[in-house]
Protein chains: 2
Amino acid sequence: MAERAQYEELMRQFSAFSAVRRELGRILPSDCPSGSAAVLTLLGRFGAMRMSRLAELLSVDMSVTSRHVAHLAERGWLDRSPDPTDKRSRIVHLTPLGLARLEQLSESTTQLLAERLADWSDREVAELTRLMTRLRASFDDSRVAVPPRLPPPVLADPEATTRTPANT
Amino acid sequence: MAERAQYEELMRQFSAFSAVRRELGRILPSDCPSGSAAVLTLLGRFGAMRMSRLAELLSVDMSVTSRHVAHLAERGWLDRSPDPTDKRSRIVHLTPLGLARLEQLSESTTQLLAERLADWSDREVAELTRLMTRLRASFDDSRVAVPPRLPPPVLADPEATTRTPANT
DNA sequence: TATTGTTATACTCTATAACTATA
DNA sequence: TATAGTTATAGAGTATAACAATA
């Protein structure tokens with residue numbers, strides 16, 4: 001358990017981090033802003049999935065996901081095929097074109113990171129990655145009200161969503 | 001120097017971090033969104049300063065800073081007094097009301113962080129803070145000094161700002 | 001009646017550019 | 001001519017709510 005001053009300092013760094021995000025976002029092509037890039041990345045890593053699952057992984061409302069996906073679909077980078085098991089659902093998957101786009105993005109962002117972190121040790125990069133992963137998990141867990149010890153496999157519940165509640 | 005896969009993983013965590021930011025932003029009162037909170041925090045930490053200095057610390061364009069500051073001034077949380085040494089400039093400083101507001105914000109965000117990071121060790125919190133500070137520095141440095149390849153020596157001047165260039 | 005996904009609307013943050021008042 | 005700050009405009013991301021189709 002840390003002291004208040006430590007949390008305040010951490011908050012300041014959280015706030016300052018947005019400058020880093022903006023800098024990384026500047027190298028993105030105008031037809032593929034950060035929201036779109038995030039979708040491509042998740043599909044590349046986890047493969048085809050339902051809209052609801054995608055929204056969950058993005059931690060945004062499904063309405064937001066829907067917009068991002070529509071944007072990418074218009075450009076031919078992904079397809080939305082009907083889910084045979086549930087006609088309300090759609091399965092989102094990358095097209096070959098989308099995969100190529102993802103490769104390009106990954107290439108350029110990786111290169112920028114490598115430049116900026118040129119004097120970071122391998123271990124430091126790994127440690128920052130680990131701590132940010134843990135940070136995300138800490139926020140996700142408490143959002144679902146899980147006991148503060150046993151970190152259940154994050155995002156394990158396939159039914160959990162972040163969508164807008166239906167009007168009752 | 002890390003490998004490409006490590007940078008890709010780090011990028012994913014950068015992307016996921018926005019969910020943490022949004023969660024922290026949700027507890028902010030509607031009359032004091034994150035941009036305003038950042039200004040209050042900087043003034044609380046570094047004291048009164050010029051608009052240009054504030055923009056630099058925020059790493060945003062001065063036009064953005066101007067809007068945030070105007071928002072806060074309307075609510076009586078800060079004042080903009082003329083700079084005696086340069087009549088074009090204005091010195092921004094917290095009012096007692098603004099200081100009180102800052103205390104409230106700090107209190108609530110600190111508490112939320114303490115809850116979410118309840119099972120983090122003191123050392124881990126410090127380490128994450130350190131690495132994020134270093135991250136910001138790595139990006140700031142390369143923006144000013146380090147010539148990665150052959151970028152023109154723009155912004156090398158210590159007075160450099162992030163403002164929109166004047167129309168020539 | 002509840003859920004999946006889409007769309008309309010609104011709000012915040014940001015950058016660019018034009019403008020003013022000083023330097 | 002250049003700089004400090006303001007304002008207008010536009011673009012991106014997000015949430016809420018209302019809606020259609022299906023479960």
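Order of the sequence lines sets the chain letters (A, B, ...), proteins ahead of strands, with each chain counted from 1. Below, all heavy atoms of this structure are taken into account, side chains as well, without hydrogens, waters or symmetry copies.
- With rounding to whole Å, B:Arg53 atom CZ is found 18 Å from D:dG5 atom C1'.
- A donor-acceptor pair under 3.5 Å links the side-chain atoms of A:Ser138 to the main chain of A:Arg134, judged by distance alone.
- Straight-line distance from the CZ atom of B:Arg22 to the P atom of C:dC13: 14 Å, rounded to whole Å.
- Applying the 3.5 Å distance criterion, the base of C:dT14 shares no donor-acceptor pair with the side chain of B:Ser63.
- The side chain of B:Ser52 contributes an N or O atom lying less than 4.0 Å from OP1 or OP2 of D:dG5.
- One can place CG of A:Leu58 at 13 Å from P of C:dG5, the figure rounded to the nearest angstrom.
- The salt bridge (charged side-chain N to carboxylate O under 4.0 Å, His left out) check on B:Asp86 picks up B:Arg88, with sequence neighbours excluded.
- In this entry the distance linking CZ of B:Arg50 with P of C:dA23 reads 11 Å, nearest Å.
- Here B:Arg80 lies in heavy-atom contact (under 4.0 Å) with sugar-phosphate atoms only.
- Comparing C:dT14, C:dT6, D:dA15 against the side chain of B:Arg67 picks out C:dT14 as the nearest.
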Check: Do B:Ser34 and B:Arg21 pass the side-chain hydrogen bond (donor to acceptor under 3.5 Å, both in side chains) test, and can you show the C-alpha distance, the side-chain angles, and the key distance before you say yes or no?
Finding: CA-CA 9 Å; B:Ser34 69; B:Arg21 286 298 305 276; 4.7 Å; no
With a cut-off of 3.5 Å and sequence neighbours excluded, list every side-chain donor-acceptor pair involving residues 71-79 of chain A.
residue: A:His71; atom: ND1; partner: A:Arg75; partner atom: NH1; Å: 3.4
residue: A:His71; atom: NE2; partner: A:Asp31; partner atom: O; Å: 3.0
residue: A:Arg75; atom: NH1; partner: A:His71; partner atom: O; Å: 2.9

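- Whole-Å rounding puts the A:Asp31 CG to D:dA12 P distance at 10 Å.
- Nearest to the side chain of B:Arg88, among C:dA15, C:dT4, D:dT3, sits D:dT3.
- Between A:Arg90 and A:Ser18, the residue anchored nearer the 5' end of DNA chain C, judged by the nucleotide with its closest heavy atom, is A:Arg90.
- Phosphate proximity of D:dA15 to B:Arg26: present, with a side-chain N or O under 4.0 Å from OP1 or OP2.
- Phosphate contact (OP1/OP2 of D:dT14, side-chain N/O of A:His68, threshold under 4.0 Å): present.
- Put simply, CG on A:Asp61 is 14 Å from C1' on C:dT9, counting in whole angstrom units.
- Rounded to whole angstrom, the span from the CE atom of A:Met62 across to the P atom of D:dA17 amounts to 16 Å.
- Rounded to whole angstrom, the span from the NZ atom of A:Lys87 across to the C1' atom of C:dT6 amounts to 19 Å.
- At the heavy-atom level, A:Asp86 lies under 4.0 Å from the strands shown only through sugar-phosphate atoms.
- A salt bridge is absent between A:Glu127 and B:Arg130; no separation between the charged side-chain nitrogens and carboxylate oxygens falls under 4.0 Å.
- In this model, the phosphate group of D:dT14 is not approached by any side-chain N or O of B:Arg21 to a distance below 4.0 Å at OP1 or OP2.
- Between A:Pro84 and A:Ser34, the residue anchored closer to the 5' end of DNA chain D is A:Ser34, taking for each the nucleotide with the nearest heavy atom.
- The residue B:Ser66 sits close to a base: some heavy atom pair falls under 4.0 Å.
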